[in-house]
Amino acid sequence: MKDYLRAELTSALQALSYPAVDLIFDKPKVAAHGDLTTNCALMLAKQVGANPRQVAQAIVDVLKLDAARIAAVDIAGPGFINFRFAETAVFDNAKKILVEGPTFGRSAFGAKRKTNIEWVSANPTGPLHAGHGRQVILGAALANILEWTGFDVTREYYFNNAGNQMRNLGESVYARYRQELGDEYLMPENGYQGDYIKGIAHTIVEEFGDSKRAPDDDKELFTKHGEQWCFDAIKKTLATLGVKHDVFYNEDSLYKTGKITEVVEEFKKRDLAYEAEGAVWFRATALGLESDRVIVKSTGEPTYRLPDIAYHREKFRRGFELVIDIFGADHIATIPDVLAGVRALGYSTDNVKVIIHQMVAFLKGGAIVKMSKRDANGYTLDDLIAEVGVDAVHYFFVMRGANTQLDFDIDLAKQQSDSNPVYYLQYAHARIASILRFAAEAGFDLSDSKRFAETTNLTLLSSKEELDLLKLLADFPAALKNCAESYEPHRLTLYLREVAEAFHRFYHEHRVISEDKTLMQSRVALCLMAKTVIGNGCAVLNVHAPEKM
RNA sequence: GCACCCGUAGCUCAACUGGAUAGAGCACCAGCCUACGAAGCUGGGGGUUGCGUGUUCGAAUCACGCCGGGUGCACCA
């Protein structure tokens, strides 16, 4: 419908020889204002030098709209042009929901653009903590949204199993191993304090006894055991949440294939790298940044920036046209350097979208729960899932914009689970499922929704509640597109809540099951459509849509 | 000190990217079950959108300055 109006308005503007403007259609907040509105007259008024209402009138006079699609056009307020849909168009549009069923909502908006979305990317030095949850959920939802809107999505996890952190892990496991054997042995200064380290050490004692007691410089056995345990734990948590990655990209491969030294050489060639104080520096100031940065330490080891630059370049080399990174606010400082580096290598970073999410504070018993991995009492994502459940974890983390500092009150999420927004949505779905069971008993064959659609007369749906719901349901593809355009999954939860609300209101006002079989069929169809949209929306958000609860 | 993010109802957050009367949930008050799920519905109170100046037909949204909170500012990642 928007496309139709856009085309008609564009030619109207041409006919009036008005300048072309970026046409924006909004859904008015107030229903009395119609189904769609545009502010183009307001935007044109200044350029044309006329009062906005006159401009709007001129446009409306020239517009020749198909009465089968648009029932009314009027000018309101300071110069908005409001459109009201013809009911036949609403019904035709809505039938698509039944025809498309589980794929309703999918669109070709993304035009199969090759997209890489990288997130989580926690190194295997410990289990995921609760704070990671926000990123885990955000990325999973966004990846689904992009897939539904026609992007060719690769889900990626980037990790590093070498270097300082892993050395530290190995030392920590070794220390716990010695302690387990009864030796006096101190943990390294910044060692990982979590209890899971003791668990790892314990398995090594069980397997090797005290045969690994002799200090061994590289602690490889301890590091390997630690890495394996941690990665298993991380993957298990992701699996519990139903979050899948297509590619686990090991930073180490960048070294083995020489991609790291390649970047240093290229920087040197372009005078973007120099040696000083025994280290190699990236001349970021030449690219307009605050200060130069070390990319290779005096020990010969690169800092994280260098592999990150090489990694991002590889993403482009692998053919990705859109590169999405999801980071917590604590990593924000690294982004400008990496992007500058990638640009310096000749790649445009216009197609890199970095999504930053703010930190989450978990409150329990009125106090902030500590989450540091080095803290023995770290609150893990597994702990959170165990307390509030998988669906609540998904829904709560995705229902707020990424840029808000979120307070997650665990006590509240548990205690008030009845009035939890995720249940509101799931309840609507279960309620519909229950009605449809009645309908099936009453003899309606819902097994083929496409055929069901063909034999249903939707024009019997004439009340405000029915039409409001119908229009809202038909908006689902647009809602997904809106999320994809803005990279903001939380808007989907807002939309789905509106759907559930519109359904409950309809349900309250009208009986589905009735003697009038024709009317009943129309309303059964409406229920089926609502169930389809809620079900599809839940699938995008990785939330279960229960038949009963 | 510098950079980035945020500040909206008692609390947690929206507001379709500059639009019409700033909206939901929780909490509070008052109603609604002899028919399909009351985990629901209807109504009510609650706001100087942190403060100020500016930009324009129009600002929660943009700019500048304060105030308050968060996150960074490593030869850690």
Side-chain angles (χ1 to χ4, degrees), chain A residues 24-30 32-33 37 39 42-43 45-46 51-53 76-80 82 121-123 125 160 163-165 168 190 251 277-281 290-291 293-305 307-308 328-336 356-359 361 396 399-409 412 416-421 423-424 426-428 430-439 441-442 478-479 482-483 485-486 488 490-491 493-495 497-498 500-501 503-505 507-514 520 523-524 527 548-549:
Chain A
I24 297 167
F25 294 96
D26 282 329
K27 204 168 133 187
K29 270 184 263 188
V30 185
H33 292 151
T37 185
N39 61 352
L42 294 162
M43 292 167 70
K46 200 196 299 177
N51 132 2
R53 285 198 68 110
F80 293 100
N82 295 336
S121 296
N123 286 337
T125 58
N160 178 14
N164 267 339
Q165 287 189 28
N168 193 3
N190 288 316
E251 181 182 320
E277 302 163 45
V280 181
W281 295 68
E290 286 281 312
S291 56
R293 303 290 187 179
V294 170
I295 49 176
V296 182
K297 297 186 247 178
S298 52
T299 60
E301 283 179 283
T303 64
Y304 67 88
R305 282 172 232 270
D308 272 10
D330 53 339
H331 283 64
I332 197 165
T334 78
I335 294 155
I356 310 279
H357 67 86
Q358 299 300 313
M359 300 287 100
F396 271 80
M399 71 189 281
R400 306 302 184 198
N403 244 332
T404 61
Q405 293 161 25
L406 189 59
D407 282 346
F408 197 122
D409 189 329
L412 206 70
Q416 304 193 335
S417 59
D418 281 8
S419 47
N420 202 312
Y423 288 120
Y424 182 82
Q426 291 181 320
Y427 179 69
R431 198 181 215 185
I432 297 168
S434 170
I435 296 167
L436 294 180
R437 282 192 293 273
F438 269 90
E441 278 173 33
N482 181 259
C483 292
E485 268 175 321
S486 58
E488 292 187 351
H490 77 273
R491 294 186 186 189
T493 65
L494 298 174
Y495 168 79
R497 193 185 195 287
E498 273 186 64
E501 198 174 354
F503 174 77
H504 285 311
R505 204 173 292 138
Y507 173 86
H508 188 257
E509 293 296 323
H510 307 283
R511 281 195 56 77
V512 176
I513 313 296
S514 76
M520 177 169 168
R523 290 185 176 157
V524 168
C527 289
K548 286 180 185 172
M549 56 192 289

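Lettering follows sequence order; numbering is per chain, from 1. Note that the structure is predicted; figures quoted are calculated from it, not measured.
Atom CE of A/Met43 is separated from atom P of B/U17 by 11 Å (rounded to the nearest Å). Atom CG in A/Asp407 sits roughly 12 Å away from atom C1' in B/C6 (whole-Å rounding). A/Arg511 has its CZ atom 9 Å from the P atom of B/G37, to the nearest Å. Counting to the nearest Å, the C1' atom of B/A24 and the CZ atom of A/Arg505 are 12 Å from each other.
Residue-level contact check: A/Val30 touches neither bases nor backbone, having no heavy atom under 4.0 Å from any strand. Among the atoms of the strands shown, none is found under 4.0 Å from any heavy atom of A/Ser291. In this structure, A/Leu42 reaches the bases: a heavy-atom distance under 4.0 Å links it to at least one base atom across the strands shown. A/Asn39 comes within contact range of at least one nucleobase, with a heavy-atom separation under 4.0 Å. At a threshold of 4.0 angstrom between heavy atoms, the contacts of A/Ala430 include nucleobase atoms, whether or not backbone atoms are also involved.
Residue whose closest nucleotide on RNA chain B sits further toward the 5' end, between A/Arg497 and A/Asp330: A/Arg497. Judged by closest nucleotide on RNA chain B, A/Gly401 is the one of A/Gly401 and A/Gln405 placed further toward the 5' end.
Ranking B/A77, B/C75, B/G25 by closeness to the A/Tyr304 side chain, first place goes to B/A77.
Judged by centroid separation below 5.5 Å and plane tilt below 30°, A/Tyr507 does not stack onto the base of B/G40. In this structure, A/His33 packs face-to-face on the six-membered ring of B/A20, meeting both the 5.5 Å centre cutoff and the 30° plane limit.
Straight-line distance between the P atoms of B/U61 and B/U48: roughly 16 Å, to the nearest whole Å.
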